2 protein chains.
Amino acid sequence: MANEVEKRALASYLEEHNLKHTRQRDAILDVFLSVTGHVTSEDLYQRVRAEHPQIGYTTVYRTMRLLCDAGLAQEQSFDGLARYEVSHAHHDHLICLRCGKIIEFECEMIEATQNEIAGRYGFRVLRHRHELYGHCVDCQKD
Amino acid sequence: MANEVEKRALASYLEEHNLKHTRQRDAILDVFLSVTGHVTSEDLYQRVRAEHPQIGYTTVYRTMRLLCDAGLAQEQSFDGLARYEVSHAHHDHLICLRCGKIIEFECEMIEATQNEIAGRYGFRVLRHRHELYGHCVDCQKD
DNA sequence: AACGAAATTGAATGTGATTTTCAATTTCAG
DNA sequence: CTGAAATTGAAAATCACATTCAATTTCGTT
Ligand SMILES: [Mn+2]
Ligand SMILES: [Mn+2]
Ligand SMILES: [Zn+2]
Ligand SMILES: [Zn+2]
């Protein structure tokens, strides 16, 4: 069986929070983990539905929130549309406006500099978004 | 009469684009220019309505889009809520999640670094957003 | 295995910001 | 003035997201 680590993490989270271990939650986690990249709720719902036609959109939506709370998923929001990705180290994004391709980047210097700037104003940063929108190398051929 | 420069800029834009110079557009521009900071459509509509009760929300909304197209306004979108500010040099934002205060910042090093990163991927950046969300100095007292 | 309190599900509905529709009105070139 | 074209604004549509609630499922306890 695949995704054993993540399934145990979900089980632990559910137990600790007096939540129930349902087959829908397991199924949605499996489908989510099978997707690489940044997926919308609707997109994920379609993929879940292909395998489990009885699972509703609302359950997918709520389960993704649960997976975020459990630390297994991260919600991003590019230009107002929510997307989920499998949790991994902090990073920001380059987004192609033509083909939708998403490239991840990370830069310690930018992170340090933005924290220094916030510090000048006595501001405590809780989260941030840094997104670069444009055209990827393949989409510049037109 | 105030805002002469901006009014002429609007008039030029309207003429160049075969659009009409209406009293609503003038009135909304005046109210918009009288506000400092980052205002939502609804907020701006309320301010317009105080002086011009006959002007509808839709006209305010459409006029703000027009002012953006004309380069007089800039639309920002913090956590999914659109806000307008008077156009000025590029900058990014610190946003207090408690009181809503918005602080502007600019950092050439960050701008240069992000362009360098995009360059590594052959990516052409058309626009970007860099927003730091947290608590301002006044809101850390709780 | 059965019970029952509590959580979950999912279809339907609500929400809220934004965007579009369309008939009436206004603008402005000729 | 005239009339074609643009604009207005109330109403309705859209869209993603969020909530409701009756029916179902889970799971600790018998
Ligand atoms: Mn990512
Ligand atoms: Mn600003
Ligand atoms: Zn592309
Ligand atoms: Zn504050």
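Just so it is clear, the model here is predicted, and its values are computed rather than measured. Below, chains carry the letters A, B, ... as their sequence lines are ordered, and counting in each starts from 1.
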Salt bridge present between A/Asp79 and B/Arg127 (N-O < 4.0 angstrom): yes

Between A/His91 and A/His93, a side-chain donor and acceptor under 3.5 Å: yes

Main-chain N/O of A/Arg25 paired to A/Thr63 side chain as donor or acceptor, under 3.5 Å: no

Distance below 4.0 Å between A/Arg23 side-chain N/O and D/dT26 OP1 or OP2: yes

Pair listing, salt bridge (charged side-chain N to carboxylate O under 4.0 Å, His left out) test, anchored in residues 112-126 of chain A, at least two apart: A/Glu116-A/Arg120

Close residues, residues 8-22 of chain B, relative to DNA chain C [heavy-atom separation under 4.0 Å]: B/Lys20, B/His21

Whether over 12 other heavy atoms sit under 6.0 Å from A/Arg49 CZ: no

Sorted by number, the residues of residues 40-61 of chain A with heavy-atom contact under 4.0 Å to DNA chain D: A/Thr58, A/Tyr61

Side-chain ion pair, B/Asp138 and B/Lys101, N-O less than 4.0 Å: yes

Heavy-atom side-chain proximity of A/His90 to A/Glu106 below 4.5 angstrom: no

Touch class at under 4.0 angstrom, heavy-atom based, for B/Arg25 against every strand present: sugar-phosphate

Minimum side-chain heavy-atom gap B/Cys136-A/Tyr121 below 4.5 Å: no

Partner residues of A/Arg47 under the salt bridge (charged side-chain N to carboxylate O under 4.0 Å, His left out) criterion, sequence neighbours left out: A/Asp43

Trace of the side-chain contact (heavy atoms from CB on, under 4.5 Å) decision for B/Phe105 with B/Leu132: CA-CA 10 Å; B/Phe105 73 91; B/Leu132 314 183; 4.1 Å; yes

A/Gln140 and A/His135 side chains, donor-acceptor separation under 3.5 Å: no

Stretch residues 70-87 of chain A: residues that reach within less than 4.0 Å of DNA chain D through a heavy atom: A/Leu81, A/Ala82

Transitive ILVMFWY side-chain link B/Leu33 to B/Tyr45, under 4.5 Å: yes

A/Tyr13 and A/Glu15: side chain donor to acceptor below 3.5 Å: no

Span of DNA chain C, from the first to the last nucleotide whose atoms fall under 4.0 Å of chain B heavy atoms: C/dA17 to C/dC28

